[in-house]
Every structure is written in structure tokens, then in C-alpha cells.
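Note sheet for the following structure.
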Amino acid sequence: MKYDFTSIEKKWQKFWEEKKVYRVDLNNAKEKLYCLVMFLYPSADKLHIGHWYNFGPTDTWARFKRLNGFDVFEPMGYDAFGLPAENYAIKTGVHPQDSTDRNISVIREQLKTMGAMYDFDYEVDTSKPEYYKWTQWVFLQLYKKGLAYRTNAPVNWCPKDQTVLANEQVVDGLCERCGTPVIRKAMTQWFFKITAYADKLLEGLERIDWPERTKLMQRNWIGRSEGVEIQFKIQNSQFKISVFTTRPDTLFGATYAVLAPEHPLVQEITKPEFKSRVDEYVEFVAHENEIERTSTTKEKTGIPTGAFAINPINGEKIPIWIADYVLSTYGTGAVMAVPAHDERDFEFATKYKLPIRIVVQPKVATGSNTVAAEPLLAAYVDDGVAVNSGNFTGQESEKVWNGIADELQKTGAGRRKVNYRLRDWLLSRQRYWGAPIPIIHCESCGEVPVPEKDLPVLLPYDVEFRPSGESPLARSEKFVNTACPKCGKPAKRDVDTMDTFVDSSWYFLRYLSPHLDSAAFDKKLVEKWLPVDKYVGGAEHATMHLLYARFVVKALQDAGWLSFDEPFQSLVHQGTITNQGAKMSKSRGNVVNPDQFVNGYGGDTFRMFLMFMGPYDEGGDWSDRGITGVFRFLNKVYELFESSKGAAVQSKTEFKIESLNESERKVYRRLNQLIKKVTEDLEQFRFNTAIAALMEFMNDYTQIAAGGEVGREVQNYVLQSFNIILAPFAPHLAEELNEMRGGETSIFASAKWVKYDLYAIEEESVTLVVQINGKVRARLTVPVNSSDEEVKSISLAEPNVKKYLDGKEILKAIVVRNRLISFVVK
RNA sequence: GCCGGGGUGGCGGAAUUGGUAGACGCGAAGGACUUAAAAUCCUUUGGCCCCAAACGGGCCGUGCGGGUUCAAGUCCCGCCCUCGGCACCA
């Protein structure tokens, strides 16, 4: 019989589903293990290679854990709300709900061909009222804690599509869909106060097992910086400007101050004779688009206001400018400019001929490190010794930093302050396909949250969702008009929907009880199963989903709903699979469809090939070259089992190595080495080397066994063990082979991972090299753990060694046990 | 510009963390089986060289240039290329 992967895979998929092999008793599990992949975005009706690459290997790890006795919960679901479905609808007229439902039913069938342990009774679908009712509930919990608020803020606006865009839809300042430069527009928007958790989000990173680079990205994104907020009085004015600086030690070097053009004080302080030019400039900046405004290569522009600020440290009068390089959204929206010690200020001061004063000199002023007298060629931004700094002159930067901060604090002109780069999370979308925000606006009561008993606020099906600049829901009279829950008078619903990242920031809580209709999640189960033990997904979510989910969990903990504050204890990123160097995407037309490989080689071969390609976290450029290697391997395995059909499934599991003949001993040793290798590699997601080891073993085993010296008992033991360690990689095939050998149930229900015999692993002899002055001159085979003296005398007897030692004096001989001997000669 | 990952045969990639570079697989070449092809199996396969030949020996070789060491893909210094993230965050 040939390896008929098509019927084998169908057969076992059906078996698993019917027998509910992967059903976990969530309440009574003893060794819980929650293994999670980032759920699917069903914007297209097909899985692509990236999904397989994410899900397949993760399932292999999960199966490995299951065989090791864990109660593994491995769910799958759909992140079904979102723009792609809506855009598709706008283009084709197919309602997003219809296209999403259709896509999901196709995808679900495709998922089954992967042979993962998903229990489809535990699916979640974020676009279903039974799910988003609880997304709305989550919103209300945050709202109650004062963590959701509405305010007027600048958002990304695409003038062509007449719609607001999510940040992630703005690529290099352009609208992702039509390529039009995005502009900023002030609109009243909903925010989550994620900045209130900045320090907690930083602190939590210390306690979780995540890739360092991901933690670093989050740290950078949060961007904590310690500094001082300093008040500058304004000459002849009751106003003050407040600036944030991380370099109070350079305060004596401040030669001007700058406000962001949007700063509220601009209108107040501008001198009448400067007003028309200032207004003109503010108008000009407002019309700059995102690329122009944020480009670092663009020349900075600015204009004086005619007003002057008083430097609180020395009473000096400095001009106040407005300039586009100061952001209104960070710190106080105003800076003190120290051109000698800040690159941006230096560039600006040089351009506008503003004074530059050196107040820090390098500690050791030697060579190129010397800061020469003016004119400076570049800003000196490092620490050093203060100069031109009043009483502080001569002190080191750090001392000056604290000295000036203390003095400002004493005089009330400043205070130490921590600032963050992180902004609050803008969660409202003027879009149709999302969860409605459960808020009602009442003329007499104002903003009123929808009472929890009235959830869900249903998303109406029959809505004109083509974009026109206002929320599509605003056009649905039926939706908008309601009664105020407080006073009963006519009121209007909030017409915005939530960012899909809200949906995905709590779904891992819902999986355990997806059909529960009395709560968002089953508290008892969540306490038992969370945090997620292993979370696997793309690194592109490092500063979005992975940050949002951490925030929501922390907020829910503070609201008393959870007892833990980190959702994902351990995180792994799969690498990205590219095609001809570019990310696979529909718009590039370079998406590779996995079906052709599933049909041509089978799901087992395909998932195994993806694991064999290279290190899991590196991904790589797609090529199907090599898939035949894995296919051949599985064929060989199949044929080997086929040829020994009828051998007992129950076999001896341990042998005394002394009682075996030479071939058997070799096989037994190789097998135990293999088990050790695969066990260690799987633990660390090193699938490629584990598979290479499986192949090596097969090669060696068939060769040794061909000698005919390997007895039946040992053969049985080898097949039995080999099949178990193969099972996580090729689950369908393993089931079939197990059945061939008389197994009566699923191998995943009956078998246990094989323990290796440390004693059996040790080799009897090793090959070691002889080096003379660093060059390899001979290789010898000696008994393992031979003594240094033995090794030395054996190597000295080698002809080639003799040749090179002839007439030389041995200065040193270094022996590395079981590795090498190295002679140093003269 | 800043931060992080990575450069190893024709290709995907191994290498116990300083100790036999190129495991495993693909591809290629030659051979066996076959009327033929496919499939399968066997042999060879980093480059150059010495020898009549060897399953013998030598030299070079892990992006480039230096260094440390008995020994460097691995450590140090200085560059180049590439991928990812951030990008006027004061």
C-alpha cells in the first residue's frame, strides 16, 4: 500500500471531531495549559501560508505538551469586525456580515485540514452579538473607572475617502486604501486612558517571558522620560509658559523658547505687530499633511511672536518663537531651546541666526572631543562639566541636573516630572463594521452609559455603510433615536463603533465560556486557566494588540474582575514568510495558497515542511523547493511501518543495554539520543532541528536494521517510540500508524511521551582530532572518557602526527575531554 | 538619524555557546531498475592543489579589514550590506 495521505487525513479529522478527542474538561483539568495563537482576521475567504506557519507549528508544540500529560486548551476564533470586510462591501455591495459569515465557514473547513487540536465548539466570533455584547460591557467597566473619556482631538482624515482612518491605516502619511496624503482634523473622539497605566505596563514587562526585542519595543513605545517642568514668566504679561525638559542642566544655555503652532497661548502672547504673520504661519502649518509635518529631513520652519520669556534661573530675557518642530501633543507643547546642546535647536538656531551659548564642556577636553569656542559645528549633547552656568559652573552634569531641579523646585519655578511618549488609545471609529459604543447622549443628562441589562446595543443590519464623512450609524434613524435611560426623554445613541483592537483585547477570556450569556467570562474558569501559558503570533502586534490587551487586563483587574494583571505569561513570535522579498498581500498579488500543497502532499507534509524550512522565529522567503524532502521522509516512515504491520502495539519500553547485541545497542542508543534531542528542541520551538534529527534517525535505523541483526522486541520498541515522537509533527499519519500497530484509540488519548534513558545515550567511543599549532593533522577514535595521558600517547603514534612533530619541541599539549588534543610546537 | 535582528556551499539551513565548519533537506552529476518515463535505490557534491592511484596528503574558506587565543562562524575593535521597529518625544 502506498501512503494515501488524502484518505488518511480525512479519516482522522473525522475521527477527532466525532470522538471529541481534544475536548478538555475545563473545570477539572489537573495540569492546565492554555496554548493560544492570535485569532484569525477573516477578511479573505482563504487561509494563507502565514496562518499555517503560525498555527501548524504551535499545534505541534501543543500536542507535544499534551503527550506530556498536560490538559491542553487550544482554541481558535475570528477577529471578524474591521475595515477590510467593510471595504470589500463598499466595493462589491456584499454586506460585511454576509461576507464574513461566508468566509468563516470556508476558513473553518480549511483549518480542519491542518490537523490542529481545535475544538470548534469553543470558537469566538467578535462580530456576533453574543460576543460584542461583552465588548460593550468591557467598555462600560473602563468607563466606570474613568478610563474611557470623550474629547476633541486631532485625528487622521483622508480627504478623498471622506473618512477618518485608524492609525494603522496610515502608511507613511498616506491613506492605505487610496494613497492620498492624510491630514489632521480635530474631532470629538473616544479615548481609553492607557497612559494612566504607563508605569504598570513598564513594570509588568519585568515579570513575563517575552522576546527581549518585543519588550524593548514596548518600552520604547511607552517612552518614559524623567525631566523637569519649568515655568517661564512672560514679559509684561500675566501668562506663563511651561516647558518640559530632560536637560535642566542646560538651562543656562536657553537662548529662546518655542511653542507649538497649536499651543493655546499663541494667540494670547503674540505682539500685535507680529499677529498677521503668526496667524498666517499657524494656518500654513495646519495645512501641512502628516508627511510634511513629521518628516525629519524637512527643514524646520518658525516665526517669532514678538513676546519674551524670562529664564527663571538667571532672569534673562529670551524671545518666544513658534515652530513646526515642536509637537503640541507631547509634554507641554512648548520647549526651551538650548541650541548648543540639542541637535534640533541647533539646526533651528543656525537657520534663524539665534544665539548659541555653550554651557557644557566635555569632561576631558582633548582632541576632537573638545568643544571649541563658537561657532559650533554641531550640538554637543553628551554630559560634561558646566560652564557659563552661574554658581553651577565647574560641576558635573549630573550634579548640575539635580542642583538646578532643586533650585527651581524651591523657588516654585519648576518641578520634577515624568513624561511618556505613549498617547491615550483613540478607540472610536466612524465606521459601520464594529461594535457600537454603548453610550447615549441626552440633552438634559449629557453622556449616559447604556445600562448593562440593556446590552447589547445591536448593530443594525440595514444601514447605508458607504463612507460620506459621518458615521454610517448616524444615518440609521432607528438606531440613533432612543430614550435616555436616566430621564426617559428622547435621546441619541453614540454613532461611533469601537476599534477592533478592543474586541481582541479580551477574547482570550471569552474562549473558556464562549456561549455564556450571563457574563463576559466565567470567572472561575478564567482564574483557573489564565494567564495564557503560551501565546504565539506575529511581531507586528508588539505595540498594538499586545499592549492594548495588557492594558485592558490591568484595568479589569483594578475594576475587580480579575486577579492577575498579565494576560500572556510566555510569548513567541513566528517569523514572517515573504514572497520574493515582499510581504504577501492581496494587493501585491503574491499570496501563495496553501491548498495546492495540502492537496498535493497532505497537511502533515505541509505543516512539517513549514517547520523544517528554518528557525521558527526567523521566517523567510517562500519557496516550495524542498517540500519533496519531507514528503519522501513521511513516505519512508509509512513504508517502514507498513512492512512491519501486525507488530504488537504494546511493547517493552526499557532495555538493559548490556543485554543487547551490537546492532541493537546502536539502535537503542540512537533512539534515546533522538528522544532527548526532539524533547529539548520542541520545548524551545526549534522544529527544524528536531525534524532533521528524526530524518537522521530514520536513515541510520533503516541502515542498521537492514543488517538483520535487530530483534523483534527492539524493532517494536523503536517503532512504538518513534511514532509517538513523530505524532506532534504529523498527527494524521501517526494515528494511522498507531492503528496499523493495533492501537484502538487516538494516540493522543492513549500514549505518553517517551522518556529517554540517560545511561543509554552515552557513546562508547568518540572521534577526536589532533591539532598541531592549530591545524587538524589527524582524527582518532578512542573509548569515551579516555584519560589525557592515553589520548596523548595514542595521538603521538599517528603517522601524520609523527610527521609534523618530527624535529620539533612540544611546548604544550592541551586536551579537551572527548573533543581534541592540541599540541603547540616549535 | 536612533534602537533591534541577521549575513555560513548552487539553494533552505546545522554547529553542544571558544573545540572536527557545512548536520538534515533540496538541487545537480553519474549509475542501477524499466521497452521508456515517473517513482525508488546506490555513489559523488565548498573551492583550489599534490599524487599513477587511494576510502592518502596539503592550502584556502563562515560579509570586509584588523586583533585576542594552542584554537574564532562563535570573543574584542573598525567598516559594509540587509531586514524589522521608531522617527523632530525636547
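By convention in this document, chain letters (A, B, ...) are assigned in the order of the sequence lines, proteins followed by strands, and residues within each chain are numbered from 1.
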A:K351, NZ: over 12 other non-hydrogen atoms inside 6.0 angstrom: yes
Remember a base hit wins even if backbone is also touched, and classify A:Y804 as base, sugar-phosphate or nothing at under 4.0 Å, heavy atoms. sugar-phosphate
Using a cut-off of 6.0 Å, state whether more than 12 heavy atoms not belonging to A:E343 lie near its atom CD. no
Looking for any heavy atom pair under 4.0 Å, which part of the strands does A:N800 touch: base, sugar-phosphate only, or nothing? sugar-phosphate
N/O (side chain, A:R777) to phosphate O (OP1/OP2, B:U20) under 4.0 Å: no
Counting the atoms with a prime plus P, OP1 and OP2 as sugar-phosphate, which does A:K215 contact under 4.0 Å by heavy atoms, base, sugar-phosphate, or nothing? nothing
Euclidean distance, atom CZ of residue A:R421 to atom C1' of B:A87 [Å, nearest integer]: 8 Å
When you measure from the centre of the six-membered ring of A:W221, is the NZ or CZ of A:R421 closer than 6.0 Å and no more than 45° off the axis? yes
Residue mapping more 5' on RNA chain B - nearest nucleotide basis, A:T246 or A:I772: A:I772
At 4.0 Å (heavy atoms only), tell me whether A:K636 reaches a base, stays on the sugar-phosphate, or touches nothing. sugar-phosphate
Syn or anti: how is B:G9 classified when any glycosidic angle within 90° of 0 counts as syn? syn
Pair assignment for B:G18, Watson-Crick or G-U wobble, requiring both distances under 3.5 Å: none
Answer for the Watson-Crick or wobble partner of B:G4, both distances under 3.5 Å, is B:C83
Under 6.0 Å between ring centres: does that hold for A:F501 and A:W425? no
How long is the line joining CD1 of A:I627 and P of B:C24, in whole Å? 21 Å
Atom CG of A:L820 and atom C1' of B:A72: how far apart are they, to the nearest Å? 13 Å
Of all the nucleotides listed (B:U20, B:G85, B:A90), which has the minimum atom distance to the side chain of A:R779? B:U20
Can you pull out every ring-ring contact (aromatic ring centres under 6.0 Å, His included) where at least one residue sits in residues 671-693 of chain A? Sequence neighbours excluded, please. A:W61-A:F685, A:Y616-A:F685, A:Y616-A:F687, A:F685-A:F687
Identify whether any heavy atom of A:R224 sits under 4.0 Å from a base atom; if not, whether one sits that close to sugar-phosphate; answer base, sugar-phosphate or nothing. nothing
Just checking A:E696: base, sugar-phosphate only, or nothing, at a heavy-atom cut-off of under 4.0 Å? sugar-phosphate
Between A:R213 and B:C83, is there a side-chain N or O to OP1/OP2 distance below 4.0 Å? no
Which part of the nucleic acid, if any, lies within reach of A:G774 when heavy atoms closer than 4.0 Å are counted: base, sugar-phosphate only, or nothing? sugar-phosphate
Aromatic ring proximity A:W321/A:Y352, centre distance under 6.0 Å: yes
Quick one: A:L216 CG to B:G84 C1', roughly how many Å, whole number? 13 Å
Starting at atom CE of A:M544, determine the distance to atom C1' of B:C86, rounded to an integer number of angstrom. 13 Å
Is any side-chain nitrogen or oxygen of A:R625 closer than 4.0 Å to OP1 or OP2 of B:G10? no
What contact category does A:V335 fall into here, base, sugar-phosphate, or nothing, at under 4.0 angstrom with non-hydrogen atoms? base
Side-chain N,O (A:K812) to OP1/OP2 (B:C70) below 4.0 Å: yes
Using a heavy-atom cut-off of under 4.0 Å over every strand shown, decide if A:N688 touches base, sugar-phosphate, or nothing. sugar-phosphate
Should the ring pair A:H545 and A:H541 be called parallel, tilted or perpendicular, given that the plane angle runs from 0 to 90° and is split at 30 and 60? perpendicular
Using a 4.0 Å heavy-atom cut-off across all strands, classify A:I814 as base, sugar-phosphate, or nothing. base
Can you check the distance between B:G73 and B:G65, where both ends of the measurement are the P atom (answer in whole Å)? 14 Å
A:S225 near the nucleic acid: base, sugar-phosphate alone, or nothing, with a heavy-atom cut-off under 4.0 Å? sugar-phosphate
Which donor-acceptor pairs under 3.5 Å do side chains of residues 809-826 of chain A form with protein atoms, sequence neighbours excluded?
unit_1 : atom_1 : unit_2 : atom_2 : d
A:N818 : OD1    : A:N785 : N      : 2.8
A:N818 : ND2    : A:N785 : OD1    : 2.9

So, A:D424 side chain and A:I194 main chain: donor-acceptor pair closer than 3.5 Å or not? yes
Write down the distance between CD (A:Q574) and P (B:G84), rounded to a whole number of angstrom. 16 Å
How many whole angstroms separate atom CG of A:L610 from atom P of B:G13? 13 Å
Between B:U62 and B:G9, how far is it from one C1' atom to the other, in whole Å? 10 Å
Test for a donor-acceptor pair under 3.5 Å between the base of B:U16 and the side chain of A:R819, counting only N and O atoms. yes
Mate of B:C59 across any strand shown (Watson-Crick or G-U wobble, both atom pairs under 3.5 Å) is B:G47
Using the P atoms only, state how far B:G57 lies from B:G66, rounded to an integer number of Å. 31 Å
Span that lies between the P atom of B:G6 and that of B:G63, in whole angstrom: 13 Å
Partner nucleotide of B:C24 by Watson-Crick or wobble geometry (both distances under 3.5 Å): B:G12
At under 4.0 Å between heavy atoms, what does A:T543 touch on the DNA or RNA strands: base, sugar-phosphate, or nothing? nothing
Closest to the A:N220 side chain, choosing from B:A15, B:C3, B:U20: B:C3
With a 4.0 Å cut-off on heavy atoms, is A:D345 in touch with a base, just the backbone sugar-phosphate, or nothing at all? nothing
Looking only at B:G19, B:C26, B:A90, the nucleotide nearest the A:Q771 side chain is B:G19
Here the gap from A:D345 atom CG to A:L354 atom CG, rounded to the nearest 0.5 Å, amounts to 10.0 Å
Once you apply a heavy-atom cut-off of 4.0 Å, does A:S822 come out as touching a base, just sugar-phosphate, or nothing? base
Assign each of A:K803 and A:L768 the nucleotide of RNA chain B bearing its closest heavy atom; nearer the 5' end lies the nucleotide of A:L768
If I take atom NZ in residue A:K775 and atom C1' in nucleotide B:C59, what distance separates them, rounded to the nearest angstrom? 8 Å
B:U34 -> Watson-Crick or G-U wobble partner, both distances under 3.5 Å, gives none
Pairwise C1' distance for B:C80 and B:A87, with rounding to whole Å: 24 Å
Which value, in whole Å, describes the distance between the P atoms of nucleotides B:A28 and B:G10? 16 Å
Residue matched to B:A52 through Watson-Crick or wobble contacts both under 3.5 angstrom: none
Output yes when at least one side-chain N/O atom of A:N699 is less than 4.0 Å from OP1 or OP2 of B:G25, else no. yes
When the P atoms of B:C76 and B:G18 are compared, how many Å lie between them, rounded to an integer? 11 Å
Take atom C1' in B:C70 and the same atom in B:G4, then report the distance between them in whole Å. 36 Å
Among B:G85, B:A14, B:C88, find the nucleotide with the atom closest to the side chain of A:M217. B:G85
